[in-house]
Amino acid sequence: MADPEAFARCMASGGVAVFPADTVYGLACDPELPAAVQCLYALKGRAPEKPSALLFFSLAAALEALPELGPRTRALLERLLPGALTVVVANPQERYPLSGGGRALGVRVPVLPAPLAALAAVHRPVLQSSANAAGEAEARRLRDVPEAMRRGADLVLDGGDLPGTPSTVIDLTGFEVSGEWAVRRVGAVTADAVATAVAGV
């Protein structure tokens with residue numbers, strides 16, 4: 001079960017957690033602590049130049065943290081999130097530079113089913129990446145997370161069996177100005193579902 005207090009303590013102390021999201025198991029750390037970010041990347045075996053997403057546990061927290069998002073983009077995010085999506089938005093202020101995205105930022109706001117609902121009490125964002133070795137299959141069950149990764153993490157939360165399909169990645173970096181968007185990775189949400197949301201903005 002998700003333990004928000006243990007999770008928050010782990011993040012605040014510079015630890016790395018294995019945790020259940022709404023799609024697959026993930027690794028999480030404080031996005032503003034360089035040593036924690038380096039540890040997460042090392043556990044995953046991820047190249048340091050590859051960006052990771054920020055995960056917020058509520059849409060309100062995400063919108064508050066990114067005040068420069070334009071009204072058109074904000075309206076679309078309110079239609080898309082929470083959900084099994086990673087949305088890549090313009091980041092002109094280059095907030096959260098350790099995420100590696102520069103002037104673009106990947107944002108996740110998961111749906112929290114009953115076993116994970118307690119994590120809604122975590123108000124700060126976390127840097128997250130899927131809890132699998134780079135290039136390997138995502139982990140649907142805790143036992144699918146590589147043993148070395150579980151041993152190396154400071155906290156391991158078991159959320160039972162997860163859906164197992166990673167988030168769909170949508171590029172919205174040009175949406176505010178031109179209305180353009182693109183699917184970078186097909187996952188749990190279909191492109192048709194995104195197009196329906198876009199049509200309503």
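The structure displayed is predicted, hence computed values, not measured ones. Numbering of residues begins at 1 and proceeds along the displayed sequence. Worth knowing before you read on, the calculation uses all heavy atoms, side chains too, and leaves out hydrogens, waters and symmetry mates.
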Heavy-atom donor-acceptor pair, R140 side chain to L162 backbone, under 3.5 Å: yes
Single hit among R143, R150, R151 for salt bridge (Lys or Arg N to Asp or Glu O under 4.0 Å) with E147: R151
Test item: S178 side-chain N/O and E180 main-chain N/O as donor-acceptor pair under 3.5 Å: yes
Main-chain N/O of G164 paired to Y25 side chain as donor or acceptor, under 3.5 Å: no
Side-chain donor or acceptor of K44 paired with backbone N/O of A131 under 3.5 Å: no
Flag, side chain of D22 to backbone of V111, donor-acceptor distance under 3.5 Å: yes
Whether E138 side chain and V24 backbone form a donor-acceptor pair below 3.5 Å: no
N/O donor-acceptor pair under 3.5 Å between T168 side chain and G187 backbone: yes
Verdict with reasoning, S129 to Y41, per side chain to side chain donor-acceptor pair (under 3.5 Å): CA-CA 9 Å; S129 188; Y41 270 64; over 6 Å; no
Salt bridge R124-E32, side-chain N to carboxylate O under 4.0 Å: yes
Pair D192-T190, side chain to side chain donor-acceptor pair (under 3.5 Å): steps then yes or no: CA-CA 5 Å; D192 286 346; T190 66; 5.3 Å; no
Single hit among L54, L77, L105 for side chain to side chain contact (heavy atoms under 4.5 Å, CB included) with L66: L105
